[in-house]
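So the structure is just underneath, and the comments pick up after that.
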Amino acid sequence: MNLDPQTIERLAAHLDAAETECREVHKITDDYPDMDWEDAYAIQDALRALKEARGVRVAGLKMGLTSHAKMRQMGVIDPVYGFITDYGAVADGGEIDTRRLIHPKVEAEIAFVTKRPLSGPGCHIGSVLAATDFILPAVEIIDSRYENFRFDLKSVIADNTSSARYVLGGTNRNVEGIDLKNLGVVMEKNGEVVAMASGAAVLGHPAQSVAMLANMLGARGREIPAGTLILTGGVTEAVAVAAGDNVNVRFQHLGSVSMRFV
Ligand code: OOG
Ligand code: MG
């Protein structure tokens, strides 16, 4: 690690304030070019502790940048993880207030809920499928706190991987008998198709994203507890939205998820 504990706390508070005050900030690696991966996750941990200290509940975990579409869009090459919160949850069909966000984008994701703990190293797709309680269709609304949504991996890890809101669909399915690789996803904005993909877009299979999360956490002495909700990462590139937009995402076998931006 290259940053001292005070700097880590200060940067976490800085990113938290940017989120709560809905304003953009410079990416933090501009001022701290020497920060390393451990520093980046330490800032995310400090951000989580700060939110929990004021009563926020962590509602699950997320993987980000797990699809080629997203990696190409953001110009990065490695997946990252973060957490999702109680205040980020929006009901299916609900309204999302864009005044509380900076420059939101939507992405279609497949969510997993575990029934057994998963730990790495050595976690593989078989362990994940055996430990999966059910899957759900999801839409994540990301909102980087950085100017123009431009960042590098360390900055985005510190910023809790742009986590902002998420909408879960109500159809839960057992993974058995569902071909997740071929599961088609079509995203419509204001009635027009704006993106489409299949489950294989995420690391070849969305369960692979959960295995990678368990292995990334394992490298830091942590695991995925039983009963954890995990967003596995956008299957398509993220699509910018603004007040007045209606988004509807259809997932083969899993139903659709929709929301309105006001
Ligand atoms: C980082 C978060 C990416 C995903 O699903 O790929 C993410 C970003 O692109 O702002 O959540
Ligand atoms: Mg995402």
Side-chain angles (χ1 to χ4, degrees), residues 15 18-19 22 24-29 37 40-41 43-44 47-48 58-85 88-90 96 101-112 135-169 180 183 185 187 194-213 216 228-241 247 249 251 257 259:
L15 290 168
E19 179 186 346
C22 308
E24 307 178 316
V25 294
H26 302 298
K27 68 179 162 60
I28 58 178
T29 45
W37 303 106
Y41 278 111
I43 296 166
Q44 186 190 110
L47 181 68
R48 177 174 172 156
V58 169
L61 299 174
K62 61 167 281 188
M63 284 290 276
L65 308 170
T66 47
S67 72
H68 290 295
K70 284 283 317 188
M71 290 190 228
R72 206 179 315 112
Q73 181 180 30
M74 305 318 297
V76 295
I77 44 158
D78 275 315
V80 292
Y81 69 83
F83 61 91
I84 55 176
T85 61
V90 176
I96 295 175
L101 299 169
I102 304 164
H103 38 210
K105 293 184 184 179
V106 289
E107 29 187 47
E109 310 208 6
I110 294 163
F112 280 61
I135 54 170
L136 293 168
V139 173
E140 185 180 23
I141 297 91
I142 51 171
D143 193 31
S144 175
R145 267 56 69 171
Y146 299 122
E147 290 167 329
N148 307 316
F149 234 105
R150 293 181 68 89
F151 51 68
D152 47 51
L153 280 176
K154 289 169 191 160
S155 294
V156 77
I157 290 165
D159 185 32
N160 191 22
T161 63
S162 312
S163 171
R165 304 282 185 273
Y166 55 96
V167 186
L168 299 171
L180 272 170
L183 187 136
V185 181
M187 180 187 279
V194 286
M196 57 194 139
S198 78
V202 167
L203 297 169
H205 191 299
Q208 190 61 46
S209 169
V210 180
M212 187 179 257
L213 173 62
M216 289 169 87
T228 304
L229 166 69
I230 301 149
L231 301 182
T232 54
V235 290
T236 62
E237 59 178 25
V239 174
V241 284
V247 171
V249 184
F251 294 78
V257 177
M259 73 229 60

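Whatever order the structure lists ligands and atoms in, that order sets their numbers, starting from 1.
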Check ligand 1 against [X] and write out every atom of the ligand that is under 4.0 Å from a heavy-atom position of the residue.
{"X": "I142", "result": "8 (C), 9 (O), 10 (O), 11 (O)"}
{"X": "G234", "result": "4 (C), 5 (O), 6 (O)"}
{"X": "F149", "result": "10 (O)"}
{"X": "K62", "result": "2 (C), 7 (C), 11 (O)"}
{"X": "G233", "result": "5 (O)"}

Could you find the nearest protein heavy atom to [atom] and give me its residue, atom name and distance?
{"atom": "atom 1 (C) of ligand 1", "answer": "S162 OG, 3.7 Å"}
{"atom": "atom 2 (C) of ligand 1", "answer": "T161 O, 3.2 Å"}
{"atom": "atom 6 (O) of ligand 1", "answer": "L65 N, 2.7 Å"}

Has the side chain of [X] got a donor or acceptor atom that lies under 3.5 Å from a matching backbone atom of [Y]?
{"X": "Y146", "Y": "S162", "value": "no"}
{"X": "Q73", "Y": "A238", "value": "yes"}
{"X": "E237", "Y": "A69", "value": "no"}
{"X": "S163", "Y": "I84", "value": "no"}
{"X": "K62", "Y": "T161", "value": "yes"}
{"X": "H103", "Y": "S144", "value": "yes"}

Between atom CG of L15 and atom NZ of K27, what is the distance when rounded to the nearest 0.5 Å?
13.0 Å

Nearest non-hydrogen contact to atom 11 (O) of ligand 1 from the set M71, K70, E107, M74 belongs to E107

Begin from the C-alpha positions of I28 and I43 and carry the test side-chain contact (heavy atoms from CB on, under 4.5 Å) through to its verdict.
CA-CA 11 Å; I28 58 178; I43 296 166; 3.9 Å; yes

Has ligand 1 got any nitrogen or oxygen that is less than 3.5 angstrom from a nitrogen or oxygen of E109?
yes

Please confirm whether F151 comes within less than 3.5 Å of ligand 1 when only nitrogen or oxygen atoms on both sides are compared.
no

Region of E140 that comes within reach of ligand 1 [heavy atoms, distance under 4.0 Å]
side chain

Where's the contact between S144 and ligand 1, heavy-atom distance under 4.0 Å: side chain, backbone, both or neither?
neither

Name, closest N/O/S atom of [X] to the Mg ion (ligand 2):
{"X": "E140", "value": "OE1"}
{"X": "E107", "value": "OE2"}
{"X": "E109", "value": "OE2"}

For residues T232 and E109, report the shortest heavy-atom separation together with the two atoms involved.
N-OE1, 3.7 Å

What pair of heavy atoms forms the shortest contact from L61 to R48, and how long is it?
CD2-NH1, 4.2 Å

